[in-house]
Enquirer: 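Could you have a look at this structure, given as structure tokens, before my questions?
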Protein chains: 2
Amino acid sequence: MSITIYDVAREANVSMATVSRVVNGNPNVKPTTRKKVLETIERLGYRPNAVARGLASKKTTTVGAIIPDISSTFFSELTRGIEDIATMYKYNIILSNSDQNKEKELHLIDTMLEKQVDGIVFMGGEITEEHIEQFKTSRVPVVLAATHDETNELPSVNIDYESAAYEATKHLIETTKSQPAFITGGEHIQSNGLKYEGYIRALKDSSIEINEQIVIENEATYHGGIEGVEQLLKVAERPKAIFVTTDEMAIGVIHGIQDRGLHVPNDIEVFGFNNTRVALMVRPTLTTVVQPMYDIGAVAMRLLTKYMNKEEVDENTVILPHRIIERDSTK
Amino acid sequence: MSITIYDVAREANVSMATVSRVVNGNPNVKPTTRKKVLETIERLGYRPNAVARGLASKKTTTVGAIIPDISSTFFSELTRGIEDIATMYKYNIILSNSDQNKEKELHLIDTMLEKQVDGIVFMGGEITEEHIEQFKTSRVPVVLAATHDETNELPSVNIDYESAAYEATKHLIETTKSQPAFITGGEHIQSNGLKYEGYIRALKDSSIEINEQIVIENEATYHGGIEGVEQLLKVAERPKAIFVTTDEMAIGVIHGIQDRGLHVPNDIEVFGFNNTRVALMVRPTLTTVVQPMYDIGAVAMRLLTKYMNKEEVDENTVILPHRIIERDSTK
DNA sequence: CTGAAAGCGCTAACAA
DNA sequence: TTGTTAGCGCTTTCAG
């Protein structure tokens, strides 16, 4: 059928082992022999079979990436970070969407392990005992990206959501001298819980009495943002500011406010989270927390390569810096 | 090391062949035997090695997806379509970014072929002779998604960009009775050429004398849109409408217009392309051409499964329907 | 319905 | 520096 290493060996009058050596850049080959082999490889159009190599060497140079939803801006930027570093280290990525669904996640881990990936980058909502169990059924390294593991058993790359939310809230409190509203996308996303904690801590810190009525949960989409404002504005006293846990929701919030004839930031200030590209694509431009998504992916993948090479790793839990970028949706 | 089919066979007192049969759902196994095998698989925690299977069966149940940039909304939605259908047919996806770079594309095709993918979904700018050559070095099926192949040698799934652009332009001509400006992202993206052709055809069709000054090319980003308007508005006569070849650019255009104190659509109408999620996330909401990105991916993947199964395919070149959705950025 | 045995294409000792 | 020889873990005839 197709050309194998054996064909090349025969044509070049050497052994398979020698061909294998030149293909793998092993230095123990006489230059003239190498040249000869290289020429017949070229002539025959030989292409090494990575599957056979994987079986023999027990390394596939592919890693699995489990992601909630590639079509979300947040994760697609993150994935790009993973992919770039993977390419840099000669790995390929098997990508799968989990929709944050635990059964799917578990099943995907299994499938990737069957495919003998050399490592896994996992992004998801919550890490449960079952996830840990599943990972333990094999000893391939796993790194979490933008995903929290309460048990702290797994290496991970994150930002400090709690502090980021604290700072954003604090910022809003300082300009408005009052409790900002909080619009969030649901607790099944782990980081939202942390953001809420930061929000609450900032309020307590400023001795503000907490009004739970202006804490709104809705779908983490643009429309969820619009609806969130509608719910919020039914409340007697209108808040002077709103902290929203994703940019996309925040843009919905801004438009929801504007649709009611109110002004951002004069009537209500709006604060987003993530600094996705859309944060600039709205008027007024969105003040937000910069979460370096690309970097989270890149660092997670880099970390994974270290584990795969069995290198020393001094820090299993990486916290990347975040910062606040002020634009026109706040004063 | 880890459990193999041989271990299971020994423990269950059957042959490897029998274990292989039950794992692969071969019906020629006595129910009691099947049960026994299944139990010891469970007990031992056996996980089939897909790499070994791939080597023996010459099928990997993974397909390659080559994509310009996963972090772009357009392609990430498309990829989601590919992935969902792939999952449905039990395939996994190896995903790689090409940045529309020909060398990278060629190299990626090679890598995927080495990994013995069962098929490839290719998204890119231009298909050259070299691409075709590269694909021909193996007989795995290839399907193009949202990518044009002038030679028409490869199966593909697209929409009719030329007609879509024609219709959009026509629409603008009817309301403004004049030549709309054209802001585009560069000719290296094949579809932009087709859109331009449609634009020109519409102008000719309406016997409008073509003013090339209001045809602007810039980077296909939000900022490229803003800059595009700036260039455009330096021209003596202000156009009454602008047709923009991507939504993201179109939003830049809208903001660029608004930043100059002009009104959309009263002073200038804006027409986008793709109907990505951001089309709704702007005020005024964007009139645009609906290109079913998810469906393009899904249909491309479905088509690929047919080729991989050697099924009859009656239509190699699929053109999916597009439509125009009028929102508030046009009158 | 089940088993034996020959590969799939390559790597990795081990010899030479 | 090069070749020989076992596997890697599974599928797939072919017999029975």
Side-chain angles (χ1 to χ4, degrees), chain A residues 1-38 40-41 44-62 90 111 113-118 138-140, chain B residues 1-38 40-41 44-62 90 111 113-118 138-140:
Chain A
M1 197 70 187
S2 58
I3 317 294
T4 73
I5 201 173
Y6 181 77
D7 300 316
V8 177
R10 183 169 28 74
E11 288 286 317
N13 290 312
V14 295
S15 70
M16 291 165 54
T18 300
V19 179
S20 176
R21 286 190 189 99
V22 348
V23 168
N24 293 295
N26 184 317
N28 295 334
V29 182
K30 205 180 2 168
T32 60
T33 316
R34 176 186 310 280
K35 185 148 173 285
K36 184 173 58 179
V37 172
L38 250 17
T40 88
I41 284 179
L44 267 43
Y46 166 68
R47 174 158 31 220
N49 180 324
V51 172
R53 173 183 291 168
L55 183 58
S57 69
K58 300 183 166 308
K59 286 198 181 56
T60 55
T61 62
T62 100
K90 313 269 186 228
T111 304
L113 259 14
E114 282 190 4
K115 298 238 164 158
Q116 311 300 119
V117 295
D118 294 338
S138 112
R139 345 96 284 118
V140 317
Chain B
M1 200 70 185
S2 59
I3 317 295
T4 73
I5 202 174
Y6 181 77
D7 300 318
V8 177
R10 184 169 26 74
E11 288 286 315
N13 290 313
V14 296
S15 69
M16 292 165 53
T18 300
V19 178
S20 175
R21 288 190 188 97
V22 350
V23 168
N24 293 295
N26 185 316
N28 295 333
V29 182
K30 200 176 11 162
T32 60
T33 315
R34 177 186 306 282
K35 185 147 173 286
K36 186 172 59 178
V37 171
L38 250 17
T40 88
I41 284 178
L44 266 43
Y46 166 68
R47 174 157 34 217
N49 180 326
V51 172
R53 172 182 295 169
L55 182 58
S57 68
K58 299 181 167 308
K59 286 200 182 59
T60 54
T61 62
T62 98
K90 313 269 185 228
T111 304
L113 259 15
E114 282 189 4
K115 297 238 163 157
Q116 312 298 119
V117 295
D118 295 337
S138 114
R139 347 96 283 123
V140 316

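Quick note: numbers below take in every heavy atom, side chains included, and nothing from hydrogens, waters or symmetry partners. Protein chains get the first letters and strands the later ones, always in sequence-line order, with residue 1 at the start of each.
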Enquirer: Provide the closest heavy-atom pair for A/V23 versus A/P48 in the form atom of the first, atom of the second, distance.
Expert: CG1-CG, 4.2 Å
Enquirer: Roughly what angle, to 10°, lies between the helix axis at the start of the helix from C/dC1-D/dG16 to C/dA16-D/dT1 and the one at its end, five pairs per end?
Expert: 30°
Enquirer: Looking only at heavy atoms, which two atoms of A/D118 and A/K58 are closest? And how far apart?
Expert: OD1-O, 4.4 Å
Enquirer: Among D/dG9, C/dG9, C/dC10, which nucleotide sits nearest the side chain of B/A52?
Expert: D/dG9
Enquirer: Could you tell me how far apart B/Y6 (OH) and D/dA6 (P) are, to the nearest whole angstrom?
Expert: 17 Å
Enquirer: Nearest to the side chain of B/S57, heavy atoms from C-beta on, is which of C/dT11, D/dT12, D/dC8?
Expert: D/dT12
Enquirer: Can you check the B/R53 CZ to C/dC10 P distance for me, whole Å?
Expert: 21 Å
Enquirer: Quick one: which protein N/O atoms are closer than 3.5 Å to N/O atoms of nucleotides 1-4 of chain C? Pair and distance per line, please.
Expert:
{"residue": "C/dT2", "atom": "OP1", "partner": "B/T33", "partner atom": "OG1", "Å": "2.3"}
{"residue": "C/dT2", "atom": "OP2", "partner": "B/K30", "partner atom": "N", "Å": "2.8"}
{"residue": "C/dG3", "atom": "OP2", "partner": "B/S15", "partner atom": "N", "Å": "2.9"}
{"residue": "C/dG3", "atom": "OP2", "partner": "B/S15", "partner atom": "OG", "Å": "3.3"}
{"residue": "C/dG3", "atom": "OP2", "partner": "B/T18", "partner atom": "OG1", "Å": "2.7"}
{"residue": "C/dG3", "atom": "N7", "partner": "B/R21", "partner atom": "NH1", "Å": "3.4"}
{"residue": "C/dG3", "atom": "O6", "partner": "B/R21", "partner atom": "NH2", "Å": "2.5"}

Enquirer: Where is the tightest heavy-atom contact between A/G54 and B/V51, given as atom of each residue plus distance?
Expert: C-CG1, 4.0 Å
Enquirer: Keeping B/N24 on the side-chain end and B/N26 on the backbone end, is there a donor-acceptor pair under 3.5 Å?
Expert: no
Enquirer: Output the rounded distance in Å from CG (B/L55) to P (D/dT12).
Expert: 12 Å
Enquirer: Between OG1 of A/T4 and CZ of A/R47, what distance do you get to the nearest 0.5 Å?
Expert: 14.0 Å
Enquirer: Could you walk me through whether A/K90 and A/T61 pass the side chain to side chain contact (heavy atoms under 4.5 Å, CB included) test, one step at a time?
Expert: CA-CA 7 Å; A/K90 313 269 186 228; A/T61 62; 5.8 Å; no
Enquirer: Would you kindly give the OH-to-P distance between B/Y46 and D/dG9, to the nearest whole Å?
Expert: 10 Å
Enquirer: CD/A/Q116 to CG/A/L55 distance, rounded to the nearest 0.5 angstrom?
Expert: 8.5 Å
Enquirer: For the pair made of CG in A/D7 and C1' in C/dC10, what is the distance, rounded to whole Å?
Expert: 13 Å
Enquirer: Grab the CD-C1' distance between A/E114 and D/dC10 for me, whole Å please.
Expert: 13 Å
Enquirer: Nearest whole Å is fine: how far is D/dC10 C1' from B/N24 CG?
Expert: 9 Å
Enquirer: State the CZ-NZ distance between B/R53 and A/K115, to the nearest 0.5 angstrom.
Expert: 9.0 Å
Enquirer: To the nearest 0.5 Å, how far apart are CD1 in B/I41 and OH in B/Y46?
Expert: 7.0 Å
Enquirer: OP1 or OP2 of D/dT12 sitting under 4.0 Å from any side-chain N/O of B/K58?
Expert: no
Enquirer: Round to the nearest Å and state the distance from B/L113 atom CG to C/dG9 atom P.
Expert: 15 Å
